[in-house]
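Just so we're on the same page: letters track the sequence lines, and every chain starts at 1. No experiment lies behind these values; they were computed from the predicted model shown.
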Amino acid sequence: MRGSDLHLLYFAWLRERVGKAEEVITLPEGVGTVGDLLAWLRGRGPGYAAALANARTVRCAVNQDFAGPETPVRAGDEVAFFPPVTGG
Amino acid sequence: MRGSDLHLLYFAWLRERVGKAEEVITLPEGVGTVGDLLAWLRGRGPGYAAALANARTVRCAVNQDFAGPETPVRAGDEVAFFPPVTGG
Amino acid sequence: MATVRVQAEPFDVGAEMAALTAGRTGIGGIGCFVGVVRATGGITAMTLEHYPGMTERALAGIAEQAEQRWDLLGCTLIHRIGRLTPGEGIVLVLAASGHRQAALEATTFLIDWLKTGAPFWKKERFADGKEAWVEAKEGEGLCPSTPLGPVGPRPLYFR
Amino acid sequence: MATVRVQAEPFDVGAEMAALTAGRTGIGGIGCFVGVVRATGGITAMTLEHYPGMTERALAGIAEQAEQRWDLLGCTLIHRIGRLTPGEGIVLVLAASGHRQAALEATTFLIDWLKTGAPFWKKERFADGKEAWVEAKEGEGLCPSTPLGPVGPRPLYFR
(Lines give C-alpha, C1' and ligand atoms only; values in the text may rest on other atoms or scores of the structure.)
Protein backbone atom coordinates (compact mmCIF):
# COMPACT_ATOMS: atom_id res chain seq x y z
CA MET A 1 0.00 0.00 0.00
CA ARG A 2 1.38 3.37 -1.03
CA GLY A 3 0.80 6.63 0.77
CA SER A 4 -1.89 7.66 -1.72
CA ASP A 5 -3.84 4.40 -1.25
CA LEU A 6 -7.03 3.56 0.61
CA HIS A 7 -7.43 0.19 2.28
CA LEU A 8 -11.05 -0.91 1.88
CA LEU A 9 -12.67 -3.71 3.90
CA TYR A 10 -16.09 -5.33 3.49
CA PHE A 11 -17.89 -7.54 6.03
CA ALA A 12 -20.83 -9.97 6.18
CA TRP A 13 -23.31 -9.69 3.28
CA LEU A 14 -21.60 -6.56 1.95
CA ARG A 15 -18.48 -8.67 1.49
CA GLU A 16 -20.48 -11.35 -0.31
CA ARG A 17 -22.18 -8.86 -2.63
CA VAL A 18 -19.02 -6.91 -3.42
CA GLY A 19 -17.31 -10.25 -3.96
CA LYS A 20 -14.16 -9.51 -1.97
CA ALA A 21 -13.15 -9.02 1.66
CA GLU A 22 -10.67 -6.24 1.01
CA GLU A 23 -8.91 -4.23 -1.64
CA VAL A 24 -6.45 -1.39 -1.98
CA ILE A 25 -7.43 1.50 -4.24
CA THR A 26 -5.91 4.84 -5.08
CA LEU A 27 -7.87 7.62 -3.38
CA PRO A 28 -10.19 8.72 -6.22
CA GLU A 29 -10.18 12.35 -7.26
CA GLY A 30 -12.97 14.35 -5.63
CA VAL A 31 -13.44 11.89 -2.75
CA GLY A 32 -13.05 13.71 0.56
CA THR A 33 -15.63 12.02 2.80
CA VAL A 34 -17.23 8.64 3.50
CA GLY A 35 -20.32 9.84 1.60
CA ASP A 36 -18.19 10.71 -1.46
CA LEU A 37 -16.47 7.31 -1.32
CA LEU A 38 -19.80 5.49 -1.04
CA ALA A 39 -21.12 7.28 -4.16
CA TRP A 40 -17.91 6.55 -6.05
CA LEU A 41 -17.94 2.86 -5.10
CA ARG A 42 -21.55 2.43 -6.23
CA GLY A 43 -20.44 3.30 -9.73
CA ARG A 44 -17.78 0.60 -9.80
CA GLY A 45 -20.03 -2.26 -10.86
CA PRO A 46 -23.24 -4.18 -10.15
CA GLY A 47 -21.81 -6.00 -7.08
CA TYR A 48 -20.85 -2.73 -5.44
CA ALA A 49 -24.15 -1.11 -6.43
CA ALA A 50 -26.12 -4.01 -4.94
CA ALA A 51 -24.07 -4.05 -1.75
CA LEU A 52 -24.21 -0.31 -1.17
CA ALA A 53 -27.61 0.58 -2.65
CA ASN A 54 -29.59 0.85 0.57
CA ALA A 55 -27.63 3.33 2.66
CA ARG A 56 -29.85 2.64 5.67
CA THR A 57 -28.28 -0.78 5.99
CA VAL A 58 -24.69 0.28 5.39
CA ARG A 59 -22.34 1.20 8.23
CA CYS A 60 -18.81 2.49 8.01
CA ALA A 61 -15.68 2.74 10.10
CA VAL A 62 -12.65 4.87 9.25
CA ASN A 63 -9.45 3.68 10.86
CA GLN A 64 -11.57 1.40 13.09
CA ASP A 65 -13.80 4.14 14.49
CA PHE A 66 -17.47 4.21 13.54
CA ALA A 67 -17.94 6.94 10.94
CA GLY A 68 -20.74 8.91 9.33
CA PRO A 69 -21.20 10.25 5.80
CA GLU A 70 -19.38 13.47 6.66
CA THR A 71 -16.33 11.73 8.15
CA PRO A 72 -13.20 12.74 6.16
CA VAL A 73 -11.39 10.09 4.14
CA ARG A 74 -7.70 10.63 3.51
CA ALA A 75 -4.98 8.72 1.69
CA GLY A 76 -3.62 5.97 3.93
CA ASP A 77 -6.93 5.41 5.73
CA GLU A 78 -8.51 2.03 6.44
CA VAL A 79 -12.19 2.30 5.49
CA ALA A 80 -14.61 -0.55 6.28
CA PHE A 81 -18.19 -1.00 5.11
CA PHE A 82 -20.54 -3.44 6.82
CA PRO A 83 -24.19 -4.06 7.76
CA PRO A 84 -25.67 -3.11 11.17
CA VAL A 85 -24.00 -5.27 13.79
CA THR A 86 -25.71 -8.41 15.11
CA GLY A 87 -23.36 -9.70 17.80
CA GLY A 88 -24.04 -11.13 21.23
CA MET B 1 -45.65 -31.30 71.75
CA ARG B 2 -49.28 -31.34 72.81
CA GLY B 3 -52.13 -29.63 71.03
CA SER B 4 -52.07 -26.73 73.46
CA ASP B 5 -48.35 -26.10 72.99
CA LEU B 6 -46.39 -23.45 71.11
CA HIS B 7 -43.13 -24.33 69.40
CA LEU B 8 -40.77 -21.36 69.80
CA LEU B 9 -37.59 -20.88 67.74
CA TYR B 10 -34.80 -18.30 68.13
CA PHE B 11 -32.13 -17.43 65.59
CA ALA B 12 -28.80 -15.58 65.41
CA TRP B 13 -28.12 -13.20 68.30
CA LEU B 14 -31.64 -13.63 69.65
CA ARG B 15 -30.83 -17.30 70.10
CA GLU B 16 -27.59 -16.43 71.87
CA ARG B 17 -29.24 -13.95 74.25
CA VAL B 18 -32.23 -16.18 75.05
CA GLY B 19 -29.74 -19.02 75.56
CA LYS B 20 -31.59 -21.64 73.57
CA ALA B 21 -32.46 -22.40 69.94
CA GLU B 22 -35.95 -23.67 70.61
CA GLU B 23 -38.44 -24.57 73.30
CA VAL B 24 -41.99 -25.81 73.67
CA ILE B 25 -44.28 -23.83 75.96
CA THR B 26 -47.96 -24.04 76.82
CA LEU B 27 -49.83 -21.20 75.13
CA PRO B 28 -49.97 -18.62 77.95
CA GLU B 29 -53.33 -17.32 79.05
CA GLY B 30 -54.19 -13.99 77.44
CA VAL B 31 -51.75 -14.43 74.53
CA GLY B 32 -53.60 -14.12 71.22
CA THR B 33 -51.12 -12.34 68.97
CA VAL B 34 -47.38 -12.11 68.24
CA GLY B 35 -47.35 -8.79 70.15
CA ASP B 36 -48.92 -10.46 73.22
CA LEU B 37 -46.40 -13.29 73.04
CA LEU B 38 -43.48 -10.88 72.74
CA ALA B 39 -44.60 -8.98 75.87
CA TRP B 40 -45.12 -12.24 77.76
CA LEU B 41 -41.67 -13.58 76.78
CA ARG B 42 -39.93 -10.38 77.92
CA GLY B 43 -41.13 -11.11 81.44
CA ARG B 44 -39.59 -14.59 81.48
CA GLY B 45 -36.09 -13.55 82.51
CA PRO B 46 -33.14 -11.28 81.78
CA GLY B 47 -32.01 -13.28 78.70
CA TYR B 48 -35.41 -12.93 77.08
CA ALA B 49 -35.69 -9.29 78.10
CA ALA B 50 -32.27 -8.54 76.58
CA ALA B 51 -33.04 -10.43 73.38
CA LEU B 52 -36.45 -8.91 72.83
CA ALA B 53 -36.01 -5.43 74.33
CA ASN B 54 -35.55 -3.49 71.10
CA ALA B 55 -38.60 -4.40 69.04
CA ARG B 56 -37.17 -2.57 66.02
CA THR B 57 -34.58 -5.30 65.65
CA VAL B 58 -36.90 -8.24 66.26
CA ARG B 59 -38.62 -10.07 63.44
CA CYS B 60 -41.12 -12.89 63.66
CA ALA B 61 -42.53 -15.69 61.60
CA VAL B 62 -45.62 -17.72 62.46
CA ASN B 63 -45.69 -21.15 60.85
CA GLN B 64 -42.82 -20.01 58.60
CA ASP B 65 -44.56 -16.93 57.20
CA PHE B 66 -43.27 -13.50 58.16
CA ALA B 67 -45.60 -12.05 60.78
CA GLY B 68 -46.41 -8.73 62.41
CA PRO B 69 -47.44 -7.83 65.93
CA GLU B 70 -51.12 -8.33 65.12
CA THR B 71 -50.63 -11.79 63.63
CA PRO B 72 -52.70 -14.31 65.62
CA VAL B 73 -50.89 -16.99 67.62
CA ARG B 74 -52.74 -20.23 68.29
CA ALA B 75 -51.95 -23.46 70.09
CA GLY B 76 -49.93 -25.73 67.82
CA ASP B 77 -48.20 -22.86 66.00
CA GLU B 78 -44.47 -22.63 65.26
CA VAL B 79 -43.36 -19.11 66.20
CA ALA B 80 -39.84 -17.91 65.39
CA PHE B 81 -38.08 -14.75 66.56
CA PHE B 82 -34.96 -13.43 64.81
CA PRO B 83 -33.05 -10.27 63.85
CA PRO B 84 -33.43 -8.57 60.46
CA VAL B 85 -32.06 -10.90 57.82
CA THR B 86 -28.52 -10.49 56.48
CA GLY B 87 -28.21 -13.15 53.80
CA GLY B 88 -26.68 -13.03 50.36
CA MET C 1 -39.10 -25.82 37.59
CA ALA C 2 -36.66 -23.84 39.72
CA THR C 3 -33.70 -25.44 41.46
CA VAL C 4 -33.45 -24.23 45.07
CA ARG C 5 -30.82 -25.40 47.54
CA VAL C 6 -29.44 -24.43 50.93
CA GLN C 7 -26.11 -26.18 51.38
CA ALA C 8 -22.81 -26.10 53.28
CA GLU C 9 -20.79 -27.24 50.23
CA PRO C 10 -19.33 -24.85 47.65
CA PHE C 11 -21.25 -24.53 44.38
CA ASP C 12 -19.80 -24.93 40.88
CA VAL C 13 -21.17 -22.15 38.65
CA GLY C 14 -20.29 -23.95 35.41
CA ALA C 15 -21.94 -27.18 36.53
CA GLU C 16 -25.07 -25.34 37.70
CA MET C 17 -25.30 -23.50 34.36
CA ALA C 18 -24.92 -26.79 32.49
CA ALA C 19 -27.65 -28.36 34.63
CA LEU C 20 -29.93 -25.38 34.01
CA THR C 21 -29.51 -25.42 30.24
CA ALA C 22 -29.53 -29.21 29.79
CA GLY C 23 -32.44 -30.22 27.58
CA ARG C 24 -33.81 -26.68 27.23
CA THR C 25 -33.48 -25.39 23.68
CA GLY C 26 -35.20 -21.99 23.85
CA ILE C 27 -32.58 -20.34 26.05
CA GLY C 28 -30.98 -17.23 24.55
CA GLY C 29 -29.33 -15.90 27.66
CA ILE C 30 -28.48 -16.71 31.26
CA GLY C 31 -28.24 -13.98 33.87
CA CYS C 32 -26.09 -14.85 36.84
CA PHE C 33 -24.95 -13.35 40.11
CA VAL C 34 -22.41 -14.77 42.54
CA GLY C 35 -22.12 -13.23 45.99
CA VAL C 36 -18.61 -13.47 47.41
CA VAL C 37 -17.39 -13.21 51.03
CA ARG C 38 -15.40 -9.97 51.22
CA ALA C 39 -12.24 -9.67 53.30
CA THR C 40 -13.08 -6.20 54.56
CA GLY C 41 -12.34 -4.91 58.04
CA GLY C 42 -10.09 -7.84 58.95
CA ILE C 43 -12.71 -10.54 58.50
CA THR C 44 -11.15 -13.99 58.53
CA ALA C 45 -14.31 -16.09 58.32
CA MET C 46 -18.07 -15.92 58.36
CA THR C 47 -20.79 -18.23 59.68
CA LEU C 48 -24.18 -18.38 58.02
CA GLU C 49 -27.24 -19.47 59.98
CA HIS C 50 -30.67 -20.07 58.48
CA TYR C 51 -34.18 -21.16 59.42
CA PRO C 52 -34.45 -24.74 58.16
CA GLY C 53 -37.77 -25.29 56.49
CA MET C 54 -38.77 -21.65 56.19
CA THR C 55 -35.69 -20.74 54.16
CA GLU C 56 -36.23 -23.43 51.54
CA ARG C 57 -39.93 -22.53 51.34
CA ALA C 58 -39.12 -18.83 50.97
CA LEU C 59 -36.56 -19.51 48.22
CA ALA C 60 -38.99 -21.72 46.31
CA GLY C 61 -41.67 -19.05 46.70
CA ILE C 62 -39.55 -16.23 45.33
CA ALA C 63 -38.32 -18.37 42.44
CA GLU C 64 -41.93 -19.11 41.55
CA GLN C 65 -42.73 -15.40 41.73
CA ALA C 66 -39.83 -14.58 39.37
CA GLU C 67 -41.01 -17.25 36.95
CA GLN C 68 -44.48 -15.70 36.93
CA ARG C 69 -43.19 -12.16 36.47
CA TRP C 70 -40.63 -12.82 33.73
CA ASP C 71 -40.64 -15.23 30.82
CA LEU C 72 -38.06 -17.56 32.34
CA LEU C 73 -37.09 -21.00 31.11
CA GLY C 74 -35.64 -21.89 34.49
CA CYS C 75 -33.80 -20.49 37.47
CA THR C 76 -31.41 -21.68 40.16
CA LEU C 77 -30.98 -20.32 43.69
CA ILE C 78 -28.23 -21.72 45.89
CA HIS C 79 -27.35 -20.21 49.27
CA ARG C 80 -24.58 -21.56 51.43
CA ILE C 81 -24.69 -21.96 55.20
CA GLY C 82 -22.05 -22.74 57.81
CA ARG C 83 -18.49 -21.46 57.84
CA LEU C 84 -17.11 -19.54 54.84
CA THR C 85 -13.84 -17.71 54.28
CA PRO C 86 -13.13 -14.56 52.22
CA GLY C 87 -13.19 -15.15 48.48
CA GLU C 88 -15.68 -18.02 48.72
CA GLY C 89 -18.98 -17.90 46.88
CA ILE C 90 -21.87 -17.51 49.31
CA VAL C 91 -24.90 -17.24 47.02
CA LEU C 92 -25.66 -18.11 43.39
CA VAL C 93 -28.53 -16.87 41.24
CA LEU C 94 -29.12 -18.08 37.69
CA ALA C 95 -32.05 -17.06 35.49
CA ALA C 96 -32.42 -18.40 31.95
CA SER C 97 -34.67 -16.86 29.34
CA GLY C 98 -35.12 -16.49 25.61
CA HIS C 99 -34.00 -12.88 25.92
CA ARG C 100 -31.35 -11.06 27.88
CA GLN C 101 -33.57 -8.43 29.47
CA ALA C 102 -35.82 -10.95 31.25
CA ALA C 103 -32.79 -12.97 32.37
CA LEU C 104 -30.98 -9.96 33.83
CA GLU C 105 -34.03 -8.35 35.42
CA ALA C 106 -34.99 -11.61 37.10
CA THR C 107 -31.40 -12.09 38.32
CA THR C 108 -31.42 -8.62 39.90
CA PHE C 109 -34.84 -9.19 41.46
CA LEU C 110 -33.80 -12.54 42.93
CA ILE C 111 -30.52 -11.39 44.47
CA ASP C 112 -32.18 -8.24 45.87
CA TRP C 113 -34.73 -10.44 47.56
CA LEU C 114 -32.18 -12.97 48.80
CA LYS C 115 -30.30 -10.09 50.44
CA THR C 116 -33.35 -8.55 52.06
CA GLY C 117 -36.06 -11.14 52.50
CA ALA C 118 -34.57 -14.59 53.01
CA PRO C 119 -34.05 -15.89 56.57
CA PHE C 120 -30.24 -16.02 56.73
CA TRP C 121 -27.98 -14.41 59.33
CA LYS C 122 -24.27 -13.76 59.07
CA LYS C 123 -21.75 -13.74 61.88
CA GLU C 124 -18.30 -12.37 61.08
CA ARG C 125 -15.07 -13.55 62.68
CA PHE C 126 -12.08 -11.21 62.86
CA ALA C 127 -8.32 -11.72 63.00
CA ASP C 128 -8.30 -11.13 66.78
CA GLY C 129 -10.75 -14.02 67.28
CA LYS C 130 -13.74 -11.78 68.04
CA GLU C 131 -17.08 -12.48 66.43
CA ALA C 132 -20.01 -10.20 65.62
CA TRP C 133 -23.38 -10.61 63.96
CA VAL C 134 -23.75 -8.51 60.82
CA GLU C 135 -26.33 -5.79 61.29
CA ALA C 136 -28.87 -5.21 58.55
CA LYS C 137 -28.56 -1.85 56.86
CA GLU C 138 -31.64 0.37 56.96
CA GLY C 139 -33.57 -0.54 53.86
CA GLU C 140 -32.16 -4.05 53.87
CA GLY C 141 -33.86 -6.69 55.95
CA LEU C 142 -35.70 -4.05 57.92
CA CYS C 143 -37.95 -3.23 54.97
CA PRO C 144 -37.56 -5.63 52.06
CA SER C 145 -37.80 -3.59 48.90
CA THR C 146 -39.38 -6.42 46.95
CA PRO C 147 -42.77 -8.03 47.59
CA LEU C 148 -42.43 -11.30 49.44
CA GLY C 149 -45.57 -12.73 47.93
CA PRO C 150 -45.94 -16.44 48.68
CA VAL C 151 -43.72 -16.27 51.75
CA GLY C 152 -45.98 -13.80 53.49
CA PRO C 153 -46.30 -10.06 54.14
CA ARG C 154 -43.32 -7.81 54.77
CA PRO C 155 -41.82 -8.10 58.22
CA LEU C 156 -43.14 -5.28 60.37
CA TYR C 157 -41.55 -3.22 63.06
CA PHE C 158 -42.73 -3.96 66.58
CA ARG C 159 -43.24 -0.49 68.02
CA MET D 1 -7.57 -4.35 34.06
CA ALA D 2 -10.28 -5.86 31.88
CA THR D 3 -9.89 -9.19 30.12
CA VAL D 4 -11.11 -8.97 26.52
CA ARG D 5 -11.00 -11.84 24.05
CA VAL D 6 -12.41 -12.74 20.64
CA GLN D 7 -12.01 -16.47 20.17
CA ALA D 8 -13.29 -19.50 18.27
CA GLU D 9 -12.98 -21.81 21.29
CA PRO D 10 -15.74 -22.31 23.87
CA PHE D 11 -15.32 -20.44 27.16
CA ASP D 12 -15.48 -21.95 30.64
CA VAL D 13 -17.55 -19.66 32.89
CA GLY D 14 -16.20 -21.16 36.12
CA ALA D 15 -12.59 -20.81 34.99
CA GLU D 16 -13.15 -17.21 33.84
CA MET D 17 -14.75 -16.35 37.19
CA ALA D 18 -11.84 -17.91 39.04
CA ALA D 19 -9.38 -15.94 36.91
CA LEU D 20 -11.30 -12.73 37.54
CA THR D 21 -11.43 -13.17 41.31
CA ALA D 22 -7.88 -14.55 41.76
CA GLY D 23 -5.85 -12.23 43.96
CA ARG D 24 -8.65 -9.65 44.32
CA THR D 25 -9.95 -9.49 47.89
CA GLY D 26 -12.48 -6.64 47.74
CA ILE D 27 -14.98 -8.46 45.53
CA GLY D 28 -18.46 -8.80 47.04
CA GLY D 29 -20.31 -9.84 43.93
CA ILE D 30 -19.89 -10.90 40.33
CA GLY D 31 -22.52 -10.11 37.74
CA CYS D 32 -22.53 -12.41 34.76
CA PHE D 33 -24.34 -12.88 31.48
CA VAL D 34 -23.96 -15.77 29.04
CA GLY D 35 -25.51 -15.45 25.58
CA VAL D 36 -26.59 -18.79 24.16
CA VAL D 37 -27.30 -19.80 20.54
CA ARG D 38 -31.02 -20.46 20.34
CA ALA D 39 -32.48 -23.26 18.27
CA THR D 40 -35.39 -21.20 16.99
CA GLY D 41 -36.85 -21.36 13.49
CA GLY D 42 -34.98 -24.51 12.57
CA ILE D 43 -31.49 -23.08 13.03
CA THR D 44 -28.87 -25.82 12.97
CA ALA D 45 -25.74 -23.66 13.19
CA MET D 46 -24.51 -20.10 13.18
CA THR D 47 -21.36 -18.44 11.88
CA LEU D 48 -19.97 -15.34 13.55
CA GLU D 49 -17.83 -12.89 11.60
CA HIS D 50 -16.00 -9.94 13.12
CA TYR D 51 -13.68 -7.07 12.20
CA PRO D 52 -10.26 -8.16 13.46
CA GLY D 53 -8.54 -5.26 15.15
CA MET D 54 -11.55 -2.99 15.46
CA THR D 55 -13.54 -5.55 17.46
CA GLU D 56 -10.85 -6.04 20.09
CA ARG D 57 -10.32 -2.27 20.31
CA ALA D 58 -14.05 -1.67 20.67
CA LEU D 59 -14.36 -4.32 23.40
CA ALA D 60 -11.42 -2.89 25.32
CA GLY D 61 -12.91 0.59 24.95
CA ILE D 62 -16.32 -0.36 26.31
CA ALA D 63 -14.77 -2.31 29.19
CA GLU D 64 -12.77 0.79 30.10
CA GLN D 65 -15.92 2.87 29.93
CA ALA D 66 -17.74 0.47 32.28
CA GLU D 67 -14.83 0.58 34.70
CA GLN D 68 -14.98 4.38 34.73
CA ARG D 69 -18.74 4.47 35.20
CA TRP D 70 -19.06 1.84 37.93
CA ASP D 71 -16.81 0.94 40.82
CA LEU D 72 -15.58 -2.30 39.29
CA LEU D 73 -12.73 -4.47 40.49
CA GLY D 74 -12.44 -6.13 37.11
CA CYS D 75 -14.43 -7.32 34.13
CA THR D 76 -14.22 -9.95 31.41
CA LEU D 77 -15.64 -9.83 27.89
CA ILE D 78 -15.36 -12.89 25.68
CA HIS D 79 -17.09 -13.13 22.31
CA ARG D 80 -16.86 -16.19 20.14
CA ILE D 81 -16.46 -16.22 16.36
CA GLY D 82 -16.70 -18.93 13.74
CA ARG D 83 -19.21 -21.77 13.71
CA LEU D 84 -21.49 -22.37 16.70
CA THR D 85 -24.41 -24.72 17.24
CA PRO D 86 -27.60 -24.23 19.31
CA GLY D 87 -27.02 -24.42 23.04
CA GLU D 88 -23.44 -23.18 22.81
CA GLY D 89 -22.33 -20.07 24.68
CA ILE D 90 -21.63 -17.24 22.26
CA VAL D 91 -20.75 -14.34 24.56
CA LEU D 92 -19.67 -13.98 28.18
CA VAL D 93 -19.76 -10.85 30.34
CA LEU D 94 -18.39 -10.78 33.90
CA ALA D 95 -18.27 -7.69 36.11
CA ALA D 96 -16.87 -7.86 39.64
CA SER D 97 -17.45 -5.20 42.27
CA GLY D 98 -17.62 -4.68 46.01
CA HIS D 99 -21.39 -4.40 45.72
CA ARG D 100 -24.07 -6.19 43.75
CA GLN D 101 -25.71 -3.15 42.18
CA ALA D 102 -22.56 -1.97 40.39
CA ALA D 103 -21.79 -5.52 39.26
CA LEU D 104 -25.26 -6.09 37.82
CA GLU D 105 -25.65 -2.65 36.24
CA ALA D 106 -22.26 -2.95 34.54
CA THR D 107 -23.14 -6.45 33.30
CA THR D 108 -26.36 -5.15 31.75
CA PHE D 109 -24.57 -2.17 30.18
CA LEU D 110 -21.85 -4.36 28.69
CA ILE D 111 -24.13 -6.97 27.15
CA ASP D 112 -26.45 -4.27 25.77
CA TRP D 113 -23.47 -2.69 24.08
CA LEU D 114 -22.07 -6.00 22.82
CA LYS D 115 -25.44 -6.67 21.19
CA THR D 116 -25.75 -3.25 19.57
CA GLY D 117 -22.33 -1.70 19.15
CA ALA D 118 -19.66 -4.34 18.62
CA PRO D 119 -18.65 -5.27 15.06
CA PHE D 120 -19.92 -8.85 14.88
CA TRP D 121 -22.23 -10.33 12.27
CA LYS D 122 -24.23 -13.55 12.50
CA LYS D 123 -25.17 -15.88 9.67
CA GLU D 124 -27.72 -18.57 10.45
CA ARG D 125 -27.83 -21.99 8.84
CA PHE D 126 -31.11 -23.89 8.64
CA ALA D 127 -32.04 -27.55 8.49
CA ASP D 128 -32.60 -27.33 4.71
CA GLY D 129 -29.00 -26.13 4.22
CA LYS D 130 -29.97 -22.53 3.48
CA GLU D 131 -28.07 -19.70 5.10
CA ALA D 132 -29.10 -16.15 5.92
CA TRP D 133 -27.46 -13.18 7.60
CA VAL D 134 -29.28 -12.09 10.74
CA GLU D 135 -30.85 -8.66 10.31
CA ALA D 136 -30.45 -6.12 13.07
CA LYS D 137 -33.69 -5.18 14.77
CA GLU D 138 -34.61 -1.50 14.66
CA GLY D 139 -33.07 -0.04 17.76
CA GLU D 140 -30.34 -2.66 17.76
CA GLY D 141 -27.28 -2.08 15.67
CA LEU D 142 -29.01 0.62 13.68
CA CYS D 143 -28.96 3.00 16.64
CA PRO D 144 -26.89 1.74 19.55
CA SER D 145 -28.71 2.66 22.72
CA THR D 146 -25.51 3.09 24.69
CA PRO D 147 -22.78 5.68 24.10
CA LEU D 148 -19.85 4.18 22.24
CA GLY D 149 -17.36 6.56 23.81
CA PRO D 150 -13.77 5.56 23.09
CA VAL D 151 -14.72 3.54 20.04
CA GLY D 152 -16.17 6.55 18.26
CA PRO D 153 -19.52 8.24 17.61
CA ARG D 154 -22.71 6.32 16.93
CA PRO D 155 -22.97 4.85 13.46
CA LEU D 156 -25.08 7.17 11.33
CA TYR D 157 -27.55 6.47 8.62
CA PHE D 158 -26.40 7.33 5.11
CA ARG D 159 -29.40 9.12 3.72
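- Residues forming a salt bridge (charged side-chain N to carboxylate O under 4.0 Å, His left out) with D:Arg24 (at least two apart in sequence, or on another chain): none.
- Counting all heavy atoms, side chain and backbone alike, D:Lys122 lies closest to A:Gly87 at NZ-O, 3.6 Å.
- Proximity to chain A is limited to the side chain of D:Lys123, based on heavy atoms less than 4.5 angstrom apart.
- Residues D:Met54 and A:Gln64 come closest through the heavy atom pair N-OE1, 3.3 Å.
- Within a 6.0 Å sphere centred on CZ of A:Arg74, other residues, nucleotides and ligands contribute 12 heavy atoms or fewer.
- The two residues A:Thr86 and D:Glu135 make their nearest non-hydrogen contact at CG2-C, 3.9 Å.
- Pairs passing the salt bridge (Lys or Arg N to Asp or Glu O under 4.0 Å) check and including a residue from residues 102-111 of chain D, sequence neighbours excluded, do not occur.
- Residues in residues 44-54 of chain D take part in these salt bridge (Lys or Arg N to Asp or Glu O under 4.0 Å) pairs, two or more places apart or across chains: A:Arg15-D:Glu49.
- A:Val85 pairs in a side-chain contact (heavy atoms from CB on, under 4.5 Å) with only one of the listed residues (D:Phe120, D:Tyr51, D:Trp121), which is D:Trp121.
- Within residues 86-94 of chain D, the residues that have a heavy atom under 4.5 Å from a heavy atom of chain A are D:Ile90, D:Val91, listed by number.
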